[in-house]
Structures are given as structure tokens and as C-alpha cells.
Enquirer: 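Next up is a structure, given as C-alpha cells.
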Amino acid sequence: MDRVQLARTVLGAAATIALILAYNVDPDRWEDAAYGGAAQLIVAPFVLIIAAPLVIIGFIYYAPPHLRPHLRSRLRAPLKAVGWYVLTLVVIGAVLVPTALIVDADDGKSWWEYALAVASLIVIVWGFPFFFMASLYSARSAFNSAQVHPMLPPVLTLMLVWVFAAFSLIGDGMPGGPPIVQFCSTLGGPLSVTAVSVWELRRMRTRFGVTLRA
């Protein structure tokens, strides 16, 4: 599955580059594409935090009654992952916001202003890369939701990719090019992710006996 997912990602990136080169005449197209990818990476964990509880509740409700307490008991891992992620944001905000409001480079600094400046430097050098990697891991693992049920990550991935497709269509509209190119550019990514996720769910069922109710 990892090899298939990597191949899909590489092919998707290559297709995006080809479409931009062929049909997008915007001089800022590469910068916009980079910002769009980074924005999706940052936003993905927040979409999961909002929407994933509904999906998990649906899984637990759909499970047989005798399995529901077991699934609820395994919520600790995703809740812990969400807690650490939110704590990271709180720490970064608690350091950078007071620094921006209080520290003045033109004044003489007291010891606590120096302490805030050092803490801000640590956040920039260490906190931001940690937050970026945490966002990447959280989006990929769906906050360790596989600990609750193995089928949750691909199902949450399906939900996430179609949410982003809808946001992109509403915000940016249809891309340039002929109708067939617009269709492929808009739906190619979500449909390919859907195909891989459905195949993953099928492999779980046929090879390991994992179903939504077991």
C-alpha cells in the first residue's frame, strides 16, 4: 500500500506540473501551487479535528453492541495525538503573540524581554519545523485513528480529499484548458485517492478479514 500511495503521489504531482505548464499562463502559478499545497497540509489536521469525530462516532455506532465498549476504549491514542497537536499550537502562540506585542527593538530590553526573544527564536528554529512535521504525520495517520479501527484512516482520507476538492472548486473555480483537461485536473486527484483507498479497504477485507463491523 505504501508503494502504491507513493506512486499515486508522484504521478499526481507530475500530472499537476504538466497541466500547469500546458494550460496555466499565470506568471505566479508555481508560487500559487506551492502555497496551495502548504495550506492544505496545515489545514488538513484542523479539518480532521472537526470532521473525524463524526466519522468515528459512526464507526462505533455501526459496530455490533458488544464491540462498542472496546472501540471506545481505544480512543485514547487519537485523543492523545490531538492533544499534543493542539498543545503545540498553544505553546507557539503563547510565545510568539506576547513577543510581538511587548518586545520593542528600539527600547532597552529587560531580562524578560530577552527571555521572550530567546523563546521566540527557539519556536522559529525548532517549533515551526516540529509543527510542520506534526501536521504531515497527523494528516497521513489521521491522528492515529487506526488504533480505533484499521479502516478509519482510508475512510478519513476519502472524506478529507473530497472536502479539499470542494474547497478548491469553490475558491478557485475550474482550471484552464479544454473541458476534458478541466475534468481531469479537478477530479483526477480525488478519484485516484478514492480508488487507492477503496482498494486498501478491499485488501483489509479479503486478506485480513477486517470489516466495518469486525
Side-chain angles (χ1 to χ4, degrees), residues 1-2 4-6 8-10 12-13 16 33-63 67-68 70-94 123 127-172 186-205 210-213:
M1 285 308 307
D2 287 340
V4 172
Q5 291 171 351
L6 178 61
R8 194 222 68 83
T9 302
V10 172
T16 300
Y35 282 141
Q40 286 191 1
L41 176 63
I42 299 301
V43 172
F46 296 98
V47 175
L48 286 172
I49 290 173
I50 295 171
L54 300 177
V55 179
I56 293 174
I57 290 172
F59 263 74
I60 295 176
Y61 178 79
Y62 187 70
L67 289 179
R68 293 172 189 171
H70 175 67
L71 294 178
R72 287 194 294 265
S73 69
R74 304 187 71 176
L75 289 171
R76 180 177 299 177
L79 289 176
K80 183 178 179 180
V82 170
W84 280 112
Y85 187 81
V86 173
L87 180 62
T88 301
L89 285 176
V90 171
V91 171
I92 291 175
V123 165
F128 282 166
F130 178 83
F131 173 69
F132 179 83
M133 296 304 296
S135 298
L136 181 63
Y137 175 80
S138 299
R140 178 175 173 77
S141 67
F143 289 107
N144 295 326
S145 58
Q147 297 291 327
V148 180
H149 195 288
M151 285 188 166
L152 271 172
V155 171
L156 290 173
T157 299
L158 281 173
M159 177 272 300
L160 192 63
V161 73
W162 284 106
V163 167
F164 279 132
F167 285 167
S168 177
L169 185 61
I170 294 172
D172 300 331
T186 302
L187 298 180
L191 288 176
S192 61
V193 172
T194 299
V196 173
S197 297
V198 170
W199 183 52
E200 183 178 359
L201 293 171
R202 183 179 180 277
R203 282 172 61 90
M204 288 185 190
R205 179 175 56 83
V210 177
T211 64
L212 289 177
R213 294 180 60 84

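We number each residue from 1, following the sequence as shown. Here the structure is a predicted model, which means the values were calculated and not measured.
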Enquirer: Are more than 12 heavy atoms, taken from residues, nucleotides or ligands other than Arg140, located less than 6.0 Å from that residue's CZ atom?
Expert: no

Enquirer: I want to check something: taking the side chain as every heavy atom from C-beta on, are Leu71 and Tyr61 in contact at a cut-off of under 4.5 Å?
Expert: no

Enquirer: Counting only heavy atoms not in Arg76 (residues, nucleotides, ligands), do more than 12 fall under 6.0 Å from its CZ?
Expert: no

Enquirer: Is the backbone of Ala63 close enough, under 3.5 Å, to the side chain of Arg68 for a donor and an acceptor to pair up by distance?
Expert: yes

Enquirer: side-chain contact (heavy atoms from CB on, under 4.5 Å) between Phe59 and Leu152: does it pass, once the steps are laid out?
Expert: CA-CA 8 Å; Phe59 263 74; Leu152 271 172; 3.5 Å; yes

Enquirer: Hey, what do you get for CZ (Phe131) to CD1 (Ile42), rounding to the nearest 0.5 Å?
Expert: 4.5 Å

Enquirer: I need the minimum non-hydrogen distance between His149 and Thr211, along with the two atoms involved.
Expert: NE2-O, 3.0 Å

Enquirer: Return the minimal non-hydrogen interatomic distance between Pro150 and Met204, and the atom names on each side.
Expert: O-CE, 3.1 Å

Enquirer: Search all heavy atoms of Leu156 against all heavy atoms of Ser145 and return the closest pair with its distance.
Expert: CD1-OG, 3.6 Å

Enquirer: Is any side-chain heavy atom of Pro53 closer than 4.5 Å to one of Ile56?
Expert: no

Enquirer: Please say whether more than 12 non-hydrogen atoms of neighbouring residues, nucleotides or ligands are located less than 6.0 Å from CZ in Phe132.
Expert: no

Enquirer: How far apart are the C-alpha atoms of Leu48 and Met159, what are their side-chain angles, what is the distance that settles it, and do they pass the side-chain contact (heavy atoms from CB on, under 4.5 Å) test?
Expert: CA-CA 9 Å; Leu48 286 172; Met159 177 272 300; 4.1 Å; yes

Enquirer: Using side-chain heavy atoms (C-beta onward) and a distance below 4.5 Å, is Val193 in contact with Trp162?
Expert: no

Enquirer: Just how far is it from atom OH of Tyr137 to atom CZ of Phe130, taken to the nearest 0.5 Å?
Expert: 11.5 Å

Enquirer: Kindly give the heavy-atom pair with the smallest separation between Phe143 and Pro45, and that separation in Å.
Expert: CE1-O, 3.5 Å

Enquirer: If only atom types and distance count, is the side chain of Ser168 paired as donor or acceptor with the main-chain N or O of Phe164 below 3.5 Å?
Expert: no

Enquirer: Minimum heavy-atom separation for Gly189 and Ser192, please, with both atom names.
Expert: O-OG, 2.8 Å

Enquirer: State, yes or no, whether a side-chain contact exists between Leu75 and Ile60 at a heavy-atom distance under 4.5 Å.
Expert: yes

Enquirer: Hey, does the side chain of Ser73 reach the backbone of His70 with a donor-acceptor pair shorter than 3.5 angstrom?
Expert: yes

Enquirer: Kindly give the heavy-atom pair with the smallest separation between Pro190 and Val161, and that separation in Å.
Expert: CA-CG2, 3.8 Å

Enquirer: Nearest 0.5 angstrom please: Phe46 CZ to Leu89 CG, how far?
Expert: 4.5 Å

